[in-house]
Every structure is written in C-alpha cells, then in structure tokens.
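The model shown is predicted, which means the values in this text are computed figures rather than measured ones. Throughout, a chain's letter reflects where its sequence line sits, starting with A, and its residues are numbered from 1.
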2 protein chains.
Amino acid sequence: MPIDIPDVVIDRLPLYYRLLERLEAEGRSVVSSQELGTELGVTPAQIRKDLSYFGRFGKQGRGYSVHRLADELRQILGLDTRWRVTVVGIGRLGRAIASYPGFEGQGFDIIALYDASPSLVGTEIEGRTVRDVSSLREDLEREPVDIGIVAVPGEVAQEVVDTLVNAGVQAILNYTPNRVQVRTDVELKHINPVLFLQSMTYHLKRQRDER
Amino acid sequence: MPIDIPDVVIDRLPLYYRLLERLEAEGRSVVSSQELGTELGVTPAQIRKDLSYFGRFGKQGRGYSVHRLADELRQILGLDTRWRVTVVGIGRLGRAIASYPGFEGQGFDIIALYDASPSLVGTEIEGRTVRDVSSLREDLEREPVDIGIVAVPGEVAQEVVDTLVNAGVQAILNYTPNRVQVRTDVELKHINPVLFLQSMTYHLKRQRDER
DNA sequence: GATCGTTTGTGCTAAATTGCACACACAGGC
DNA sequence: GCCTGTGTGTGCAATTTAGCACAAACGATC
C-alpha cells in the first residue's frame, strides 16, 4: 500500500465516513459518488479518486455498498479499534469536552482527566475523577494513551504538550489559542474558533462595503 | 484592490495576525518574514507572497514594522470594528463558548444567548440572560447580528441555521457534528473535533503497524 | 444473449498553490 | 558617498490538487 497519500485526501475521509454512517443508520444499502457529492458539496470525481487510493470499492452501474464502504473506511482510518484519550485542563471547555458523548460513541475512550487547580482535583466529571496534572507524566508510564486533548490556559500549552509527547503520546489535539511545536512524527491539530471568526470577518467586511 | 485572493491565503492571515499581536505585546518593533516563518512553521516566501496580495508593508533589509503590519492586518481582516455575535444552544459547549474571554478580547461581542430548554431560559451566563430560541427570529429583526454560533444538538442544526440566515445573519460558525447547507453568499465554517481525531488515527494506525 | 442506462476507476489536462532565486532597496559603517 | 550585509517583492518554475471525460463493467429488460 502506497505511503504517499496526500493529507488533503486523508482529511476528507472522515467526512465521507460520517455521511456513510448516517446512510447506514437510515437503512440505505447503495449510494453513488454523485449522491455523496451533492450531499457533501464536493464533486463526485473527487470522491471516486480519493477512494481509489485505497482500492476499488464500487460497482459500475450501481455505486457503492453503504455498509461495505463504511467498513472499509473504518479499517482505513483505524476506527475498528478503540483509542485511549486523556484530557488536560478541566475548565469550562475541558468539562464540555469530557462530557461530550460524541467521542466515546466514535471509539475514543477518555480514560483520564487532569487539571492543576486544587479545587478541581478529586472532583468527579461523568464518573471520572480529575487527577492532579503533576502526576500526568508518571501516570502515562503506567497507563499510556494514544491521544492528548489540551484545553489548558494558552500560556502552559507548550509545557503540557511537551509532557504528553515526552511520555509517548503520538497525537495532540490543541484547543488552546497558542500554537505549539512537536516532533514531526507526532500528529498535531489546532482548534481555534477565533481564527475562524477572523477569516470570516474578512469576507463580511467586503460584503458590507459593497456588492 | 483585486477580488480574487485565494481563500487559503485569507485563512492564513489570522495566524500571522495572532503572532504579530504577541510580538507587539512583547515590545518587538521589527520582524522579518524569516522569523515569522520559523515561528509558524511556514516558509518565509509564503508569508511575503501572502502579504503582497494586499500591499507592500515591509522594508528591504529591515523586515516588517510589527505595529504597522498588525495594523494593516486588522484593517484587512476587518478587526478594526466590533462584530455582533449570538450563540444558539447553551448546553455545556454553548456555556463554554459564552464564557470564553477570547471572543470579546478580539472584537467579537456576544450580545445574546438562546436555548430551547425552559429550565435554561431566563438564567444568567456571564451577565447575559438566556432567551427562548422561539423568539430568535423576531429578536434578530430588532437587533441584528453579524455572526451566529450554533451549538445545538445536531438534529436541529439546519433548522437553527436557516432561521439565522433567513433573518440576515451573514456568517455561521457551526459547532454541531452535522454539516449544514447555506446560500453561497453566507460564510460557513464547521468545527468538529471528531473529524480531526479520525484523521489523526489514520496516521496513528500506520505508525503503530510499522515504521 | 443483445441492448440500454448507469456509474465506477483512471489517464490526462487544467487549475491552484507553493517556493525558488534574484533584482532591487535600505541601513550602517567606513 | 561607496560598499556590505540583509531582507523584501515577485517573475517564473515546480509541485500539488482538482476535475474532465471516457472506456469498461454491471444489472435490468426484453
């Protein structure tokens, strides 16, 4: 299997997968790239090409078996196993993340929560006890996790990320507004709603000024 | 001023702007594209080219005036005015959004909160009273907003978005896992952390299997 | 079993995006 | 005022990404 599959392609697969899950739930058995495309707002050709990196899952004249394709994507994306996640930073955002049912439902087990505040440590969130972030490092030695979600104040983001990465965490989802650096072999994604808003205002301003 | 500036460029500007703000706060007066690039993990040439779409802000041999460039970007991105925002859906996520200081600090005024649950309507969050979503439509007529942040359950996302758009809201930030459709002249961004995790597991699986 | 309407997989082309590399400009020292 | 070191702005080339368009395949129908 070729190693050089573009990242843009990988980033689209979860989108396809999510739609297929919905169609599966609706009881649809077959779907065409045309239909997937209109639903997602992308061209059918792009979907076919993206999928063709991984194999030939469709049947000419018919389309794709919804169940079969969903299954293949599960395999490809590694969603056929469960992944161990830890959340560091249990402020309002961290709590929202820890309580969000969408993670567990998709195979992501939030196995531990950490915070630095003594008033939070020891409290329970959705049946999980908040632990002291000072024991993060040693805890990870005993019970490693695959993914770290970081929702601490921006100033300590890099520090927390370093701790996670040094303890072997391979993927970081950074909810803080600060960009952090990691080794190139560690997966890293940033979620910063302000950046989204700021690129939207660019267009809003132009719409407002005229046209 | 040319209309056809690529969206990829626009999406990078807030990134540059955020770094410049930090440098401004640190008291730096001049910075080179080289330095901006290493800090952000992009090539200096890309930064220079991106900026050149909008004008010539640098000085050869010196670099960019931090204050001047930050100012220009504020202008370009429309961050020299305040923007009116409403949040619909005041569950755990909506509350985290409503309380996040990063929005107000960047010129985004959250002027109203809405929810459908009778137990929430009337309660106060950060000094704002949660209103009933059934009055959203008429409220928007009286006090319009520029941006709608949607944090309702996925099933009603499209419905809420339609209400917002029909009432003249020009930009939507959708926190629900459901993709929604809007007119092409409305700005729309999706924030779905699960999609991020799912593309990360693709790489995690490959790292694990070998290499 | 031939024909027809569909839809895939993909070679090839077009478009978008990135980045090299250099002329030109500026500041500082001599 | 000339030289030197540095860093911008940009023409151009390379690379990446998207998408057209068609042969091949499949199922249904007669």
Side-chain angles (χ1 to χ4, degrees), chain A residues 1-16 19-20 23 28-73 76 184 199 202-203, chain B residues 1-16 19-20 23 28-73 76 184 199 202-203:
Chain A
M1 195 166 286
I3 322 259
D4 56 334
I5 295 165
D7 268 347
V8 274
V9 173
I10 306 302
D11 289 345
R12 278 192 296 263
L13 296 184
L15 222 60
Y16 304 160
L19 174 53
L20 285 163
L23 295 175
R28 288 285 307 276
S29 68
V30 169
V31 68
S32 68
S33 61
Q34 170 70 59
E35 197 175 349
L36 294 172
T38 30
E39 195 75 23
L40 295 172
V42 300
T43 61
Q46 180 160 76
I47 293 177
R48 294 202 299 277
K49 184 150 249 187
D50 284 353
L51 295 175
S52 77
Y53 279 104
F54 302 96
R56 304 146 143 267
F57 308 129
K59 281 220 189 336
Q60 280 102 327
R62 297 290 291 160
Y64 299 89
S65 152
V66 171
H67 181 67
R68 161 89 193 289
L69 187 53
D71 233 37
E72 295 283 357
L73 283 175
I76 293 165
T184 51
S199 66
Y202 169 86
H203 296 102
Chain B
M1 197 165 284
I3 323 259
D4 56 334
I5 295 165
D7 268 348
V8 274
V9 173
I10 306 301
D11 289 345
R12 277 192 296 263
L13 296 184
L15 223 61
Y16 304 160
L19 175 52
L20 285 163
L23 295 174
R28 286 289 304 276
S29 66
V30 169
V31 69
S32 67
S33 61
Q34 170 71 58
E35 197 176 347
L36 294 172
T38 30
E39 195 75 22
L40 295 171
V42 300
T43 61
Q46 180 160 75
I47 293 177
R48 294 202 300 275
K49 186 150 251 190
D50 284 353
L51 295 176
S52 76
Y53 279 103
F54 302 95
R56 305 149 141 264
F57 308 129
K59 282 221 190 335
Q60 281 102 328
R62 297 291 290 163
Y64 300 89
S65 151
V66 171
H67 180 67
R68 161 90 194 290
L69 187 53
D71 233 36
E72 295 283 356
L73 283 175
I76 294 165
T184 50
S199 66
Y202 169 85
H203 296 103

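Using a 4.5 Å cut-off on side-chain heavy atoms (C-beta onward), A/Tyr64 and A/Val30 make no contact. You'll find the side chain of A/Leu69 reaches within 4.5 Å of the side chain of A/Leu51, heavy atoms only. Within the 4.5 Å cutoff, the side chain of B/Ile10 has heavy atoms near those of the A/Ser199 side chain. Looking at A/Glu39 and A/Leu36, their side chains never come closer than 4.5 Å, going by heavy atoms from C-beta outward. Looking at A/Val42 and A/Leu15, their side chains never come closer than 4.5 Å, going by heavy atoms from C-beta outward. For the pair B/Asp50 and B/Tyr16, the minimum side-chain heavy-atom distance is below 4.5 Å. In this structure, A/Glu35 and A/Arg28 have side chains that are in contact, with non-hydrogen atoms separated by less than 4.5 Å. Counting heavy atoms from C-beta on, the side chains of A/Val31 and A/Leu19 never come closer than 4.5 Å.
Contact footprint of chain B on DNA chain C: nucleotides with an atom under 4.0 Å from a non-hydrogen protein atom, first to last in 5' to 3' order, C/dT17 to C/dA27.
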- Note on the structure: Scoring nucleotides 1-10 of chain D by protein non-hydrogen atoms under 4.0 Å (B base, S sugar-phosphate only, - none) yields -----BBBBB

What's touching nucleotides 14-16 of chain D from the protein side, N or O pairs under 3.5 Å?
none

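The nearest pair of heavy atoms linking A/Tyr202 to B/Ile76 is CD1-O, 3.3 Å.
In this entry the distance linking CD1 of A/Ile47 with P of D/dC20 reads 13 Å, nearest Å.
Salt-bridge formation is not detected for the pair B/Arg56/B/Glu72: no Lys NZ or Arg NE/NH1/NH2 atom is positioned less than 4.0 Å from an Asp or Glu carboxylate oxygen.
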